[in-house]
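Chain identifiers are assigned alphabetically (A, B, ...) following the order of the sequence lines, protein sequences preceding nucleic acid strands; residue numbering begins at 1 within each chain. Quick caveat, the model's predicted, so the values are computed rather than measured.
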Amino acid sequence: MVEGLLYLTAALGATAFLLALGRFIRGPSAADRVAAFDVLTIISITGIVLAALAEGRGIYLDVALVYALLSFLGVITVAHYLERSV
Amino acid sequence: MSALLPAMGLLLSAAMLVAALMAVRGRRSLPISILAAGLVSLLASVQFLLLAAPDVAMTEAAIGSGLTTFLFFFILARVRHD
Amino acid sequence: MTALLDLLGAALLAAGSAFLMFGALGLLRMPDIYNRLQAGTKATTLGTLLVLAGAACLRPEWWPKLLLIGLFLLFTNPLSSQVLARAAHRTGAPRSPLTRIDQLEERGGGGS
Amino acid sequence: MTEIALATGFLLILIGLYGALTNRNLLRMIVAFSVANTGVNLVLVGVGYLRGRAAPILDATLPAAEAPARIIDPLPQALVLTAIVIGVGTTALMLAYAYRLYLTRGTLDISRLRELKW
């Protein structure tokens, strides 16, 4: 039961990853792609948590912490660039 | 749970190749190329984590993805501004 | 007791992942950038918090790191979404024809 | 995992070389070089991976006594850690040269920089 729910989690996360990647490829403007980049980072955090659960190593969660900081900085950088280049 | 990590690796590999092709094909605008290169770096960092190298994953996420994207946009803003 | 906690954690993981999937679906299907940001930020933030709570149920000894990640996401995610929406508004991103009211434009926040 | 990482890394190197050879904008060439750099790092880490072993970081679940039999080789990871930082330095140097070139010539198109052609 628990195993099946974990596989369901992985399948739903993979679907979410593919949908956000589709928006990253299609997105008409740069702001759409930045939004898709942000969502892809957040989905990757879920993937990292799943990998940590599968391997049983708590040290993997530090990478998720770096990701949570990184998505913020990247989006701020690109948004600043977009605002200045009007 | 043993089949989970290689399946994640395959998905990440496909996404990385698509993003790399987006980065080097010349039809799209330059900020989109830089964002796609940043996405390649980000997914490579998850790939490093799956290859049991969390320290490399941390460095790649912070430096390879964050700092490189920041540098590219810094230079791009200078070039556009002049 | 432990089996019940495991089942609760796995159910929370699946629910959070479903929220992530619906958020990404909204990101793909919504008509303009503001609706996409709405779907892509709120649903994915809630989904990630549920996933972190589920992992904390499955592995109770990891709760400090998971709490730290959750707090980080809760602080930074709405802020980055707001900054991105403001940048899109200032660069004149096209609105959906169904949008009637633009309060930022009315209050003179459109220009910098 | 090793095969996936190696195949992806080699394909990334090829895509990066293709982009660096076919684009005419200097900034696009630097982007392609950065993609190829990521591919090289991925190949190096993929070579060092061993199936079924743990990450080389000691904590409560991996005591030091049984570490040599259970961890993978940390040497390629240390190499790649250095290579990532040096890659950022190289990218910054290339970007600085491109910016200086843009300031003196006013263009980033390599087909219009003809002084060294003969």
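For C:Trp62, the CH2 atom is densely surrounded, since the number of other residues' heavy atoms within 6.0 Å is greater than 12. The environment of CZ in A:Phe72 is crowded: more than 12 heavy-atom neighbours from other residues, nucleotides or ligands sit within 6.0 Å. For C:Tyr34, the OH atom sits in a packed shell: over 12 heavy atoms of surrounding residues, nucleotides or ligands are nearer than 6.0 Å.
Within the 4.5 angstrom heavy-atom criterion, atoms from both the backbone and the side chain of A:Leu69 approach chain C. Both the backbone and the side chain of A:Leu65 come within contact range of chain C, with heavy atoms under 4.5 Å apart. When heavy atoms are compared at a cutoff of 4.5 Å, A:Val39 approaches chain C solely by way of its side chain, counted from C-beta outward. Both the backbone and the side chain of A:Ala36 come within contact range of chain C, judged by heavy atoms closer than 4.5 Å. For A:Ala52, the parts lying under 4.5 angstrom from a heavy atom of chain C are both the backbone and the side chain. Contact annotation for C:Leu58: only side-chain heavy atoms (C-beta onward) come within less than 4.5 Å of a heavy atom of chain A. C:Leu37 touches chain A through its side chain: at least one heavy atom from C-beta onward sits under 4.5 Å away, while N, CA, C and O do not.
Of the listed residues (A:Leu61, A:Val75, A:Leu73, A:Val34), the one with the most heavy-atom contacts under 4.5 Å to chain C is A:Leu61. Top candidate by heavy-atom pairs under 4.5 Å with chain C, chosen from A:Ala10, A:Gly56, A:Gly4, A:Ala11, is A:Gly56. Among C:Ser17, C:Ala24, C:Gly47, the residue making the largest number of heavy-atom pairs under 4.5 Å with chain A is C:Ser17. With respect to chain C, the highest number of heavy-atom pairs below 4.5 Å among A:Val78, A:Asp62, A:Leu18 belongs to A:Asp62. The greatest number of non-hydrogen atom pairs below 4.5 Å with chain A, out of C:Val51, C:Leu27, C:Val83, is found for C:Leu27. No other option in A:Ala20, A:Gly58, A:Ala31 has as many heavy-atom pairs under 4.5 Å with chain C as A:Gly58.
Between A:Arg23 and A:Asp32 there is no salt bridge, since no side-chain N of the basic residue sits under 4.0 Å from a carboxylate O of the acidic one.
Without hydrogens or angle criteria, C:Ser81 side chain to C:Asn77 main chain gives no donor-acceptor distance under 3.5 Å. Formation of a donor-acceptor pair under 3.5 Å by the C:Thr41 side chain with backbone atoms of C:Gln38 is not found in this model.
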Walk me through whether C:Leu73 and A:Ile45 qualify under side-chain contact (heavy atoms from CB on, under 4.5 Å). CA-CA 10 Å; C:Leu73 280 173; A:Ile45 290 177; 4.1 Å; yes
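Side-chain atoms of C:Leu28 and A:Arg26, non-hydrogen and from C-beta on, do get closer than 4.5 Å to each other. No side-chain heavy atom of C:Leu13 sits less than 4.5 Å from a side-chain heavy atom of A:Leu5.
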